[in-house]
Number of protein chains: 2
Amino acid sequence: MAPSGQSADHRPLSADDWTTRALTLLMDEGVAAVKISRLCSDFGVTKGSFYWRFDDLESLKEAIAVKWCAQSKRSLEDMAGLAALEPLERLRAMTRGVVNDRMWSVQRALRDWARSDEQVAETLAQTDAFMFGLVQQTLEELGSAPDRARTLAGLLVYASIGFAHGPSGLPQPDEGDIDGLMRLLAEDRGTRGGDQPPAT
Amino acid sequence: MAPSGQSADHRPLSADDWTTRALTLLMDEGVAAVKISRLCSDFGVTKGSFYWRFDDLESLKEAIAVKWCAQSKRSLEDMAGLAALEPLERLRAMTRGVVNDRMWSVQRALRDWARSDEQVAETLAQTDAFMFGLVQQTLEELGSAPDRARTLAGLLVYASIGFAHGPSGLPQPDEGDIDGLMRLLAEDRGTRGGDQPPAT
DNA sequence: ACCTGAACACCGTTCAAGT
DNA sequence: ACCTGAACACCGTTCAAGT
C-alpha cells in the first residue's frame, strides 16, 4: 500500500503542525473534535508525542488562539483596506462578512476558552479592540459625532459577537435587514458639530 | 454529630431536587461544576441514583434550561410590567438589568448546550423571542417606525447577547454609555409615518 | 420505587524507557 | 531530540443486585 501522505514517514511533528491541524479540526468539526487523542490518531502517534511539544491542552488552545486571531486580523485589514469604497460600503462589507462567515464556531470556542485562560483572553481582546477601532473610525468618516460613533460602534461590535452566539429564535438578518441597518447608520450623517441635519 | 441538614436522612431525591441543585451550582461556580459526580457527592448518593431520574447529562441540562428560562421570563415580565414608566425608562431599566446581571454564566452555558441539544435550543429560542418582542414593542411606543423598531430591536438584543459573551477588551459600558444609547434611541422618536422630524 | 457497587469506556496527564 | 507504552485520575454510563 502506498504511503497515505500525512506522516507515513516519521519526520518529527513541529508545534505548528499540531496547531494547524487543531485549528482545521476546530473549523471543520467543531470544538468537540479538538482532543489530544483525536490529534494523535490523525497523526498516527501516541500522546507522549503531543506532550513533548505542549505542556497541556491549555497551551495548545493558546496557540490556536494566536494563529486564528492573526488570520482574522489580516482579513479585517483587507476589508478596511478597501478605502476606495466609501465608508458606508466598507461597513456593509464588514457586516456581510460577519453575518455569513462560517468562522463562528472558532470564535465561540475562543471566547469560551478565554474565560479560563488569561492568554487566550488577551489575544482575543486585541482582535476585538482592533475591530472596534475600525468600525468607530469608519462611522466618524461617515459623519457621526465622536460620541455617537463610540456608542454605535460598541453596539455594532457587541451585536456581531452576539450574532455569533445565537441562532436562537431571533430572526436571522437577511439582505433587507442589512439595508435597514445601513440606512439607519447613514441617517446619522450630519449629526456632527454645527452641521444642519437634512430634514428627510 | 448533628445531621447536616441536606439529606442526612434518606428521603428520595426528586428530579427537581437534582435540577435545582444543578442550577445553583451553575450560578455559583460556573458550568464546570455541573457534573454528575459533583451532584452525587453533594447529595451523598451514588451515580445510579442520578440515572434513576435522568437518562443522561443531556436530560439534566434540558431540565435546567426549562427552569432557568421560566425564571428569566418572569423577571422580564416584571420589568415590562412597569408600564407606569414611560417607554424610554423601561428600556433603560432593561438595559441596566442586562448589563449588571450576574446571570451571564447561566446564559452562556445554555447557549453552548443549545448547539448540541435541540430541546435546550427551543427553550432558549422562546425566551429570546419574548425579549425581542418586548424591546420591539417598546421602541414602537417610543415612536419608531415598525421597520426601524425591528432593526433596532434586533441590534439591541443581539448586542445584549454579545455583551454576555465578551469581557474581551471592549469597553464595558458605564452609566454614561447607557445614557448615550438612550439618547440615540430617543432621537428616533418622530420618525414614524408622515410626521415631520424635528430639525434638532 | 429508589439506590448501591462494581464494572467499563473515554480522555487528559505523567514518566520511565526506548532510539 | 522525539517518541512509545504503560500506568493513573477523572468522569459519564450501564446494570445486576440489594432493600
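Because the structure is a prediction, the values reported are computed rather than measured. Letters A, B, ... are given to chains in the order of the sequence lines, protein chains preceding strands, and every chain is numbered from 1. Heavy atoms only: backbone and side chains are in, while hydrogens, waters and symmetry mates are out.
Here the nucleotide nearest the side chain of B:Tyr51, chosen from D:dT4, D:dT13, D:dC2, is D:dT13. Ranking C:dC11, C:dC3, C:dT4 by closeness to the B:Pro12 side chain, first place goes to C:dC3. Closest contact between the side chain of B:Lys35 and the listed nucleotides D:dC11, D:dT4, C:dG5 involves D:dC11.
The one candidate from B:Thr138, B:Ile161, B:Thr151, B:Leu185 that meets the side chain to side chain contact (heavy atoms under 4.5 Å, CB included) condition with B:Leu156 is B:Leu185. With B:Ile64 as the partner, the side chain to side chain contact (heavy atoms under 4.5 Å, CB included) test is satisfied by one option alone out of B:Val106, B:Leu26, B:Thr123: B:Leu26. The salt bridge (charged side-chain N to carboxylate O under 4.0 Å, His left out) with B:Asp16 is formed by just one residue from the set B:Arg21, B:Arg53, B:Lys67; it is B:Lys67.
Atom P of nucleotide C:dT13 and atom CZ of A:Arg53 are separated by 18 Å, given to the nearest angstrom. The interatomic distance linking B:Lys61 (NZ) with D:dG12 (C1') rounds to 11 Å, in whole Å. Atom CG in B:Asp16 sits about 14 Å away from atom P in C:dC2, given to the nearest Å. Between the CG atom of B:Leu57 and the P atom of D:dC10 there is a distance of 18 Å, given to the nearest Å. Residue A:Asp56 contributes atom CG, which lies 18 Å from atom P of C:dC11 at whole-angstrom precision. Per the geometry, CD1 belonging to B:Ile36 stands 15 Å off P belonging to C:dC3, to the nearest Å. One can place CG of A:Asp55 at 12 Å from P of C:dC15, the figure rounded to the nearest angstrom. In this structure, A:Trp18 places its CH2 atom 11 Å from C1' of D:dC2, rounding to the nearest Å.
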Could you go through B:Asp179 and B:Arg92, starting from their C-alpha distance and side-chain angles, then the distance that decides it, and tell me whether this counts as salt bridge (Lys or Arg N to Asp or Glu O under 4.0 Å)? CA-CA 8 Å; B:Asp179 278 346; B:Arg92 188 192 294 271; 2.6 Å; yes

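Note on A:Met27 and A:Val66: separate hydrophobic clusters, where clusters join Ile, Leu, Val, Met, Phe, Trp and Tyr whose side-chain heavy atoms are under 4.5 Å apart, directly or indirectly.
Distances shorter than 4.0 Å separate none of the side-chain N or O atoms of A:Trp52 from OP1 or OP2 on D:dC3.
Among the atoms of the strands shown, only primed sugar atoms or phosphate atoms (P, OP1, OP2) are found under 4.0 Å from some heavy atom of A:Ser37.
Side chain A:Lys47 to base C:dG12: a donor-acceptor pair is found below 3.5 Å.
The nucleotide D:dA16 finds its pairing partner in C:dT4, both defining distances of the Watson-Crick or G-U wobble pair being shorter than 3.5 Å.
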